[in-house]
Each structure stands twice: as structure tokens, then as C-alpha cells.
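As a basis for the values below, the full set of heavy atoms in this structure was taken, side chains included, without hydrogen atoms, waters or symmetry mates. In each ligand, atom 1 is the first atom listed, and ligand 1 is the first ligand listed.
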Amino acid sequence: MIIVMKEGATSEQINQVVEAIESRGLSPHISKGAEITIIGIIGPKNQILELPIEGLPGVEKVVSVSNPFKLASRAFHPQDTLIQIGGHVVGGLQPTIIAGPCSVESKDQILDIARQVKALGAHMLRGGAYKPRTSPYAFQGLGEEGLKYLALAREDTGLPVVTEIMEVGVLPMMDEYVDVFQIGARNMQNYPLLKAVGRTQKPVLLKRGMSATIEEWLMAAEYILAEGNPNVILCERGIRTFETYTRNTLDLNAVPVVQHLSHLPVFVDPSHGVGHWRYIISMARAGIAAGAQGLIVEVHPHPERALSDGEQSLTFENFAQLVHSVEQIVQALGTAGEALATGQH
Ligand code: PEP
Ligand code: MN
């Protein structure tokens with residue numbers, strides 16, 4: 001259930017509502033917009049329905065949210081969520097571009113890539129230090145050593161670092177090296193991990209599971225939000241279908257659907273979505289045209305020598321082309337793009 005306060009409701013009135021909710025052992029989640037405050041209530045439905053909220057001063061209306069996700073729903077937070085990461089704002093009118101290798105392979109490799117992608121227009125650096133590989137014999141990532149190289153690259157370029165976390169135990173150690181925790185497709189329903197990143201305030205890039213419905217994905221986001229971390233970015237990275245020419249099927253339907261259902265920013269990962277470098281620029285363009293607020297792409301100076309995902313890695317030259325293409329799409333969209341980015345569609 002969601003309580004919409006009147007414009008200009010006083011903090012005393014808001015506190016009165018909060019106290020009424022807490023006195024029944026339920027949890028209020030407050031979302032303060034520029035003009036109105038919205039309070040979400042999480043708890044058993046019958047208890048919520050019994051709350052004497054409607055008549056309290058300052059309450060405009062009480063709305064029941066039929067979706068199973070509450071804090072992630074647009075009804076709870078009508079404006080798009082904006083997330084400040086370093087000097088960059090995610091979710092605004094300018095799409096965010098995250099670029100870097102699938103895996104951090106060496107200090108020189110990540111420094112070189114960070115410098116190049118920054119010069120070509122990336123806003124953040126990606127690179128895996130803990131890799132979820134299908135084969136236990138494949139390269140598993142450099143672990144903490146890789147995180148140290150990422151932190152060096154951040155120091156050198158100023159680019160915030162996005163990297164995958166695979167287990168709860170390493171979270172305190174990773175915290176100092178990482179600006180955005182990536183939850184990989186395979187861990188989208190790892191609930192202890194979702195709760196652990198939810199207890200931090202660090203932005204989380206939550207990839208869609210390869211067989212997850214949009215609702216399951218939003219429920220995974222709900223786990224993070226329910227722990228008190230509002231900084232969730234959703235990332236569509238392709239789902240499993242019967243098609244074999246591509247690694248996955250990039251589900252661009254998800255972009256407008258999620259933006260209708262939720263206030264959270266949604267990114268597209270064409271690299272894992274498609275799996276072949278040749279098709280990635282097209283699908284990056286399509287993602288932005290569909291209204292995605294950002295992209296995450298894999299870039300490697302020598303894709304043929306990459307220790308993971310070389311076949312889907314862009315060279316610097318291809319990445320430059322991708323950035324140029326995206327700029328053209330943003331310009332072409334003009335005010336239509338602004339309407340998409342502000343959720344007015
Ligand atoms: C990755 O980003 O390298 C990765 C493993 O992604 P996903 O979890 O989407 O497969
Ligand atoms: Mn990869």
C-alpha cells in the first residue's frame with residue numbers, strides 16, 4: 001500500500017503517519033519528491049488494510065499497489081530515480097556508457113583500456129575480478145589483485161569502477177575498490193547476496209537472470225530496496241531462447257515495460273545480449289532508441305587474445321563507432337528522447 005501525502009505536508013504530519021504504521025509493527029519506506037512525499041508500507045495485507053491512515057492530516061490518498069513489487073514500482077516513486085556516481089548522474093537525459101574488458105587480466109591491460117575508453121567517451125569502467133564461468137577450468141578472474149588494478153585505473157582516469165560481486169563474504173573487502181556492485185545474471189536470485197548489497201548504500205547494477213521474467217527481476221530489485229539501498233540500476237543482458245546464431249536474445253521489450261512499471265534506471269548490455277562483436281553497435285543503438293538510460297559494453301584491445309568473452313569484445317575503433325552512433329541516436333530522438341527519459345510516455 002502507498003500513502004500519498006498532500007503537497008506541502010509538514011514533517012509533523014509525515015511523522016504522525018510513520019508512527020501509526022510503526023505502532024502496528026509494519027515498516028514505512030519514505031520517498032521524498034520535490035513536491036510530494038510518498039510512504040510505502042510493507043507487511044501483511046490484512047494488517048495494512050486495518051491501518052487508520054486515510055483520515056490523518058496531510059494525507060492526500062491511499063493507493064493499493066497490486067504489483068508484488070512495491071518499492072520498485074512507479075506508483076511508489078513516480079519520478080525516474082537518479083543516481084549520482086562520482087560526477088556522473090545515472091538516469092538523467094544523457095545516457096551512461098560503461099565500458100571495459102570482460103575480465104581484468106593485468107595492471108597494464110586495465111590501465112590501457114581505462115585510458116582509451118575514457119578518451120572515447122565512457123563514463124564508467126567495467127572489468128570482472130571474480131568471474132562466473134561455465135567451466136571450472138576456465139579463467140576465474142584475478143580476485144583481489146584485479147580489484148587493486150581497477151582501483152589504480154580509477155585513480156588514473158577518474159572513472160568509477162563497476163565490477164561483479166559473487167559472494168557475501170568478500171563484500172567488506174570489495175567495498176573500498178568498487179563504486180558500483182554488479183550482480184550477475186547467474187546471481188539475480190541469490191537472495192543473501194541481494195540483501196547484503198541492499199544493506200550498503202552503494203549503487204547496484206542488477207543484471208536480469210537469463211531465464212528470469214520481468215516480474216522476477218523486479219522482485220530481485222525489491223530485495224535490495226527493502227534493505228534500504230535505493231540505488232539500483234536494472235540491466236537487460238539477454239535471455240535464453242531457441243535461437244542459436246546469437247548467444248542470447250536481447251529482450252528490448254523489457255526497456256519500455258520496465259520503465260512503465262518502475263522508476264529505476266534501465267541499462268542494456270548488448271555484449272552478453274548478442275555475443276558477437278559484429279552485431280553489438282546495432283543493438284546498442286536499438287537499446288538507446290528504445291529508451292535505455294545506459295549501456296554496458298565489453299572492450300578489449302586484442303579480442304582474439306582476451307581471457308574471456310573475446311568474441312563479443314569491441315576493439316577501441318569499434319567502441320569509438322558505438323559512442324558516435326549513440327550520440328547520433330540521442331540527437332535524433334531530441335525531445336522524444338527527453339520524454340522517454342523522464343518517464344512521460
Ligand atoms: C559479465 O558482465 O561479464 C557477465 C558475466 O555478465 P552476465 O552476468 O550478464 O552474464
Ligand atoms: Mn563477459
Side-chain angles (χ1 to χ4, degrees), residues 96-105 109-110 113 117 122 124-136 138-143 146-147 150 160-167 174 178-190 193-194 197 203-212 214 216-217 220-221 224 232-241 246-252 254-255 258 266-277 279-280 283-284 287 292 294-315 318-319:
T96 303
I97 301 182
I98 306 173
C102 179
S103 301
V104 179
E105 299 171 1
Q109 177 242 23
I110 195 70
I113 296 177
V117 297
M124 291 188 222
L125 177 68
R126 64 149 290 147
Y130 296 95
K131 296 304 303 176
R133 305 305 302 280
T134 304
S135 164
F139 177 60
Q140 304 284 308
L142 295 179
L147 296 176
L150 282 166
V161 161
V162 183
T163 195
E164 179 162 355
I165 178 165
M166 294 215 295
E167 48 178 317
M174 284 184 79
V178 173
D179 298 288
V180 178
F181 285 122
Q182 176 175 322
I183 301 279
R186 292 156 190 80
N187 272 313
M188 190 205 83
Q189 287 180 312
N190 180 337
L193 188 58
L194 297 174
V197 294
V204 178
L205 182 85
L206 177 64
K207 296 254 196 134
R208 179 180 181 182
M210 59 190 82
S211 306
I214 290 174
E216 287 164 342
W217 185 22
I224 301 170
V232 178
I233 303 165
L234 298 163
C235 180
E236 162 60 41
R237 50 76 72 203
I239 50 175
R240 279 267 167 99
T241 68
T246 51
R247 180 176 179 180
N248 289 291
T249 295
L250 189 65
D251 180 16
L252 289 183
V255 174
V258 161
V266 57
F267 281 25
V268 161
D269 173 350
S271 304
H272 294 85
V274 179
H276 295 282
W277 68 268
Y279 312 125
I280 285 165
M283 297 316 287
L295 298 170
I296 178 165
V297 290
E298 291 184 338
V299 177
H300 198 286
H302 306 287
E304 69 291 351
R305 284 192 242 147
L307 296 183
S308 58
D309 286 349
E311 61 286 4
Q312 65 192 34
S313 297
L314 299 177
T315 58
N318 287 330
F319 178 64

Just wondering, do [Y] and [X] contact through their side chains at under 4.5 Å, heavy atoms?
X	Y	result
Cys102	Lys131	yes
Met124	Asp179	no
Arg186	Lys207	no
Met166	Pro132	yes

Residue list, side chain to side chain contact (heavy atoms under 4.5 Å, CB included) with Leu193, at least two apart or on another chain |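 Testing Leu193 for side chain to side chain contact (heavy atoms under 4.5 Å, CB included), a comparison that skips the adjacent residues, returns Ile165, Val168, Ile183, Asn187, Asn190.
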
Which residues share a side chain to side chain contact (heavy atoms under 4.5 Å, CB included) with Ala221, sequence neighbours left out =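 With sequence neighbours excluded, Ala221 shows a side chain to side chain contact (heavy atoms under 4.5 Å, CB included) to Leu206, Val232, Leu234, Leu264, given in chain and number order.
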
How about Arg240: does its CZ atom have over 12 heavy atoms from other parts shown lying under 6.0 Å from it?
-> no

Roughly how far, to the nearest 0.5 Å, is CG of Leu205 from CZ of Arg237?
->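 It comes to 11.5 Å.
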
Check the side chains of Asp309 and His272 for a donor-acceptor pair under 3.5 angstrom, ignoring hydrogens and angles.
->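 Yes, because at least one side-chain N or O of His272 sits under 3.5 Å from a partner of the opposite role on Asp309.
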
List below, pair by pair, the N or O atoms of ligand 1 and of the protein that are less than 3.5 Å apart, including the distance to 0.1 Å; reply 'none' if no pair qualifies.
unit_1: ligand 1; atom_1: 2 (O); unit_2: Arg126; atom_2: NH1; d: 2.8
unit_1: ligand 1; atom_1: 2 (O); unit_2: Arg126; atom_2: NH2; d: 3.3
unit_1: ligand 1; atom_1: 2 (O); unit_2: Gln182; atom_2: NE2; d: 3.0
unit_1: ligand 1; atom_1: 2 (O); unit_2: Lys207; atom_2: NZ; d: 3.1
unit_1: ligand 1; atom_1: 3 (O); unit_2: Arg126; atom_2: NH2; d: 3.0
unit_1: ligand 1; atom_1: 3 (O); unit_2: Lys131; atom_2: NZ; d: 2.9
unit_1: ligand 1; atom_1: 3 (O); unit_2: His272; atom_2: NE2; d: 3.2
unit_1: ligand 1; atom_1: 3 (O); unit_2: Glu298; atom_2: OE2; d: 3.3
unit_1: ligand 1; atom_1: 6 (O); unit_2: Lys207; atom_2: NZ; d: 2.9
unit_1: ligand 1; atom_1: 8 (O); unit_2: Ala185; atom_2: N; d: 2.7
unit_1: ligand 1; atom_1: 9 (O); unit_2: Lys207; atom_2: NZ; d: 2.9
unit_1: ligand 1; atom_1: 9 (O); unit_2: Arg237; atom_2: NE; d: 2.7
unit_1: ligand 1; atom_1: 10 (O); unit_2: Arg186; atom_2: NH1; d: 2.9
unit_1: ligand 1; atom_1: 10 (O); unit_2: Arg237; atom_2: NH2; d: 2.8

Shell of protein N/O/S atoms around the Mn ion (ligand 2), taken as anything under 2.8 Å =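 Sorted hits: Cys102 SG, His272 NE2, Glu298 OE2, Asp309 OD2.
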
